[in-house]
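Below is one structure, written out as structure tokens; comments come after it.
Residue numbers begin at 1 in each chain, while the letters A, B, ... track the order of the sequences.
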Protein chains: 2
Amino acid sequence: MSDLSEAPSRGSARLHILDCAKRLFAERGYDGVSISDIARETGASKANIFHHFESKEGLYLAVIAEVVRRVPDHIDALSSEHDIVEAFQELAAAELTEGAKDETGVRLILREIISGDPRRSRVLAEDIFADRFTRLVDLIRTHQDTGTFRKDVDPALAAHVLRSASVFFILGRDVLRHMPGVDFADDPDRYAREAAALVLRGLVVRDSSEEK
Amino acid sequence: MSDLSEAPSRGSARLHILDCAKRLFAERGYDGVSISDIARETGASKANIFHHFESKEGLYLAVIAEVVRRVPDHIDALSSEHDIVEAFQELAAAELTEGAKDETGVRLILREIISGDPRRSRVLAEDIFADRFTRLVDLIRTHQDTGTFRKDVDPALAAHVLRSASVFFILGRDVLRHMPGVDFADDPDRYAREAAALVLRGLVVRDSSEEK
DNA sequence: CCCCTAACTGACCGATCGATCGGTTAGCGA
DNA sequence: TCGCTAACCGATCGATCGGTCAGTTAGGGG
């Protein structure tokens, strides 16, 4: 497998191993993939994998680190849009399109989230999500201060609901495809925009006049 | 371990194995748990596990089936509430409290969702989620017809966003606990109600008058 | 009483796990 | 040209994997 004629340029084998391992780990999880599997997939020998990486866990952590390193950030780009709903739609669509394109990366991180290992949960939370989550919360809070957003909503909670809608879409796509009445499973862009609009505008019609 | 003095009443060992296996599978996943682990945890011998279950996969499927069998349904109970926002809050809170109480069950099903096995995704979708998902969609559509809910929102999409908010809360709790500014990680009831209210009422204040 | 069956066990099977070994190849600086 | 090092390999390690088997125990119906 993977006989790409040549091009053994410096460190290419290492990258190839990382790439294959990433896909396999994303598909089957850490315990579901053996070094032999990765070796077979890369076309290299088992021993060579241990030459490039100190252990199976070392390889796995390297894969995670590589995925994390490549996670782009779309939040900054929208600060000064004129229509706030449109801006959030744009943000959600950009993130979800990106996520759908590199589904293996998303799956990998999500597997890590539910792994339940408290150490890794903490590391992941602080190193990766905390920063952009905080910025999203700040963005919401800013709009609350300016009066664009209602003030009786916890900004962190709202941020989490927005994130959930995006993340769980990718996570549950296979199931979603088999749901009756669902025609957006293969259209991340449309889903992202409609979901963002939904959370911003709400589901109930806006004649009810209740104040907290 | 698990020396409950006696009471070897009919089939109790089988149930004990199911219970331990459920917890272990939820924590570490299918490939992360060996029969020896389960045997050690239950206090029984490996061979005895194969006496009660035909194989490891058979045990796993039995665990899944047991979890699915116990999933309660809260949707029917709310059809005739007077305040629609309150009704949805009640539904979300009931589901999330239930889910938080039996976190292992939720984790197990979520692991199954992201496993990526297309067969199982299909089975899960059709046997478990389809029914109540459809009823939630129908409920939303009904309120659209009566004019309570806005009509420019895909009911299935709205249902999925609502589900996402609940499910991903349990899934990402460990990470959520380490997020700055998050104080609802250990309060499923409050989160469920605020999240439901958010999706129903929306984030933006309701003076903007745009129609599609 | 005996006998049958379900519950249960320790010992063991071949296969595969992560990891290590000694040894070979290839490329590059001196 | 030599020599060093990184890249790579086949063979093999002890441990553990899922699963089997022959045999023992316990309990209830005849």
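Checking A/Ser36 against A/Ala47, the closest nucleotide of DNA chain C that is more toward the 5' end is the one next to A/Ser36.
Checking the phosphate oxygens (OP1, OP2) of D/dC17, a side-chain nitrogen or oxygen of B/Ser34 falls inside 4.0 Å. Listed pair A/His51 / D/dC8 fails the phosphate criterion, with no side-chain N or O lying under 4.0 Å from OP1 or OP2. Phosphate proximity of D/dC8 to A/His52: present, with a side-chain N or O under 4.0 Å from OP1 or OP2. Residue B/Asn48 places none of its side-chain N or O atoms closer than 4.0 Å to OP1 or OP2 of C/dA7.
Of the listed nucleotides (D/dG19, C/dT9, C/dG18), C/dG18 has the atom at the smallest distance from the side chain of A/Ile35.
With sequence neighbours excluded, the residues satisfying ring pair (Phe, Tyr, Trp, His ring centres under 6.0 Å) with A/Tyr60 are A/Phe25, A/Tyr30.
In this structure, the side chain of A/Asp187 engages the main chain of A/Arg190 through a donor-acceptor pair within 3.5 Å. The backbone N or O of B/Ser34 lies less than 3.5 Å from a partner atom in the side chain of B/Asp37, making a donor-acceptor pair.
Whole-Å rounding puts the A/Phe50 CZ to D/dA11 C1' distance at 15 Å. The nearest whole Å value for the distance from the CZ atom in B/Arg14 to the C1' atom in C/dA7 is 13 Å. With rounding to whole Å, A/Arg40 atom CZ is found 12 Å from C/dC17 atom C1'.
A side chain to side chain contact (heavy atoms under 4.5 Å, CB included) with B/Ile64 holds for exactly one of B/Ile109, B/Leu108, B/Leu59; it is B/Leu108.
Classification of B/Asp31 and A/Arg28 as a salt-bridged pair fails, no side-chain N sitting under 4.0 Å from a carboxylate O.
Applying a 4.0 Å cut-off to non-hydrogen atoms, the residues of residues 54-65 of chain A that approach DNA chain C are A/Ser55, A/Lys56, listed by residue number.
In this structure, the separation between CZ on B/Arg193 and CG on B/Leu96 is 10.5 Å, given to the nearest 0.5 Å.
A donor N or O paired with an acceptor N or O is found under 3.5 Å between the base of D/dG19 and the side-chain atoms of B/Lys46.
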